[in-house]
> 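The structure follows.
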Amino acid sequence: MKILIIGSGGREHALAWKIAQSPKVQKVYAAPGNGGIALEPKCHILPDWADAVSQKGQDRLIAFARSEKIALTIVGPEAPLAAGIVDRFRADGLAILGPTQGAARLESSKQFAKSFMQTYGVRSAESRSFSDYPSACRYAEEYFRLKSPLVVKADGLAGGKGVVLHRNFPETEKTLRAFMQAGILGESGKTVVLEDFLPGSEVSILAGLSVSPGKPSSIALFVPARDYKRRFDGGLGPNTGGMGAVAPAPGFSASAQADFVQAILQPTLKGLEQEGLDYRGFIFFGLMIQEDRCYLLEYNARLGDPETQGVLPLADFDFIDVCTRILDGGLGDFRLSWKSGAVCAPVAVASGYPGEYRVGDRIAFKAGAENRHIFFAGAERTSDGLYTSGGRVFSAAAWGPDLGTAREWAYRTFESVHFPGMEYRKDIGLP
Ligand code: AMP
Ligand code: GLY
């Protein structure tokens, strides 16, 4: 069969790499993909097919899927899901994995997600939503009389720029004014969620999810992962798209897992069923853990990046089988089997990232060893090799019997892959 992957990051490279290993797959297309994906066996990129959001872009992809007889399309990033790509492919009779536009609101509207959590009793931080600036300010002023910090979240998609933590009212007021009045995030920031701060450690749980009206729901959980969001060692500096991932997440105990199932997973499934939503795709639970008690920070309507690069090397199953079972509603009796051991996947970024950074530098690399794989993101292929084209350039994923060994292998990769100005965190996977 032929598979089409929508997206261009490290997550999509890891998906393409894993899917190409399936004996059922002849060809994997990535639209637009990246230069690293183009180097994988069976994989082809469509660099001019970057638009999966506009109606015209989606029409073009639908025509491609038809003419190429694509058996299955998998959507990597959130923007095409929020723009209804799944509804449009399905209306044309094409198989695609992902939530419908209505179900993708779990990620594309934080107000919707919070009200869903409250209605169905999914454990999460206390919060209130506001579309009116003076009321938001009054609530925040009152909040700081009792507590601090406060988390301000833009309702809509904001590419990682929509969540800000504040310790006092004047700072909060500035953000509220920028989001709600000046509109620095466009429509995304016109409504905000003001949420209690939760201390703890973060864990990401990815899963295949099959919920559709009239069919029994089922979910298959992936090994828990941890993402390192801050730019610098020790969790310092600005937030980024992710500076590395490890899997399994250290410290996520069996008792935390049981609490997750009872306090978050079960009410989520019940809520999706009761709302009559069609969600046949991947879901991401962003958790905060406090002494084995889980709180849900967010849903993402897709796989995580860079978590996918940390998790898929441990997958000891044919990824296509999971995909078909998600679509057919047959995940219930399907056991995902995972290799033992651990993965460490630090990310190499261009100097200056997440601020302004340079592109167009040549990436020199040798083929990976058996226990390692380079998942490219901001890398472009030209006739004479790969060149940097984004802030996060690649993940150096390595797997071993334990996290310490995986870490050692992963960091060794940086000796054989290099571009001018390459930077990375040195503490991914350290206890
Ligand atoms: P979100 O997009 O809601 O996951 O927020 C992005 C990041 O902000 C999370 O991964 C956390 O690191 C942080 N964050 C969000 N909500 C909270 C909260 N209530 N308490 C503490 N940190 C939070
Ligand atoms: N790693 C967080 C995300 O994919 O949103």
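The figures here come from the full heavy-atom set of this structure, side chains too, leaving out hydrogens, waters and symmetry mates. Note that ligands are numbered from 1 as they come in the structure, with each ligand's atoms numbered from 1 the same way. Keep in mind that this is a model prediction, so the values were computed, not measured.
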> Any cation-pi pair here, R60 with W49, using under 6.0 Å and within 45°?
yes
> Any luck finding a side-chain donor-acceptor pair between S124 and K114 under 3.5 Å?
yes
> Taking only residues two or more places apart in sequence or in another chain, which ones pass side chain to side chain contact (heavy atoms under 4.5 Å, CB included) with V163?
K110, V151, K153
> Applying salt bridge (Lys or Arg N to Asp or Glu O under 4.0 Å), name anything that partners E273, two or more places apart in sequence or on another chain.
none
> Less than 3.5 Å apart, N/O on ligand 2 and N/O on the protein: could you list those pairs with the distances?
{"residue": "ligand 2", "atom": "1 (N)", "partner": "D227", "partner atom": "OD2", "Å": "2.9"}
{"residue": "ligand 2", "atom": "1 (N)", "partner": "D305", "partner atom": "O", "Å": "3.0"}
{"residue": "ligand 2", "atom": "1 (N)", "partner": "E307", "partner atom": "OE1", "Å": "2.7"}
{"residue": "ligand 2", "atom": "1 (N)", "partner": "E307", "partner atom": "OE2", "Å": "3.1"}
{"residue": "ligand 2", "atom": "4 (O)", "partner": "R302", "partner atom": "NH1", "Å": "3.0"}
{"residue": "ligand 2", "atom": "4 (O)", "partner": "D305", "partner atom": "N", "Å": "3.0"}
{"residue": "ligand 2", "atom": "4 (O)", "partner": "D305", "partner atom": "O", "Å": "3.4"}
{"residue": "ligand 2", "atom": "5 (O)", "partner": "N300", "partner atom": "ND2", "Å": "3.2"}
{"residue": "ligand 2", "atom": "5 (O)", "partner": "R302", "partner atom": "NH2", "Å": "2.8"}

> One thing to verify: whether D305 and R392 come together as a salt bridge, which I'm taking to mean a side-chain N less than 4.0 angstrom from a carboxylate O.
yes
> Is the shortest distance from a Lys or Arg side-chain nitrogen in E408 or R412 to a carboxylate oxygen in the other one below 4.0 Å?
yes
> Would you check if there is a donor-acceptor pair between the side chains of S212 and D278 at a distance under 3.5 Å?
no
> Tell me which residues fall inside the under-4.0 Å heavy-atom shell around ligand 1.
K110, V151, K153, V163, E195, D196, F197, L198, E202, K229, M288, L297, E298
> Verify the distance criterion only: is there a donor paired with an acceptor across the side chains of E40 and H373 at less than 3.5 Å?
yes
> Testing L97, T308, L209 for side-chain contact (heavy atoms from CB on, under 4.5 Å) with F282, which one passes?
L97
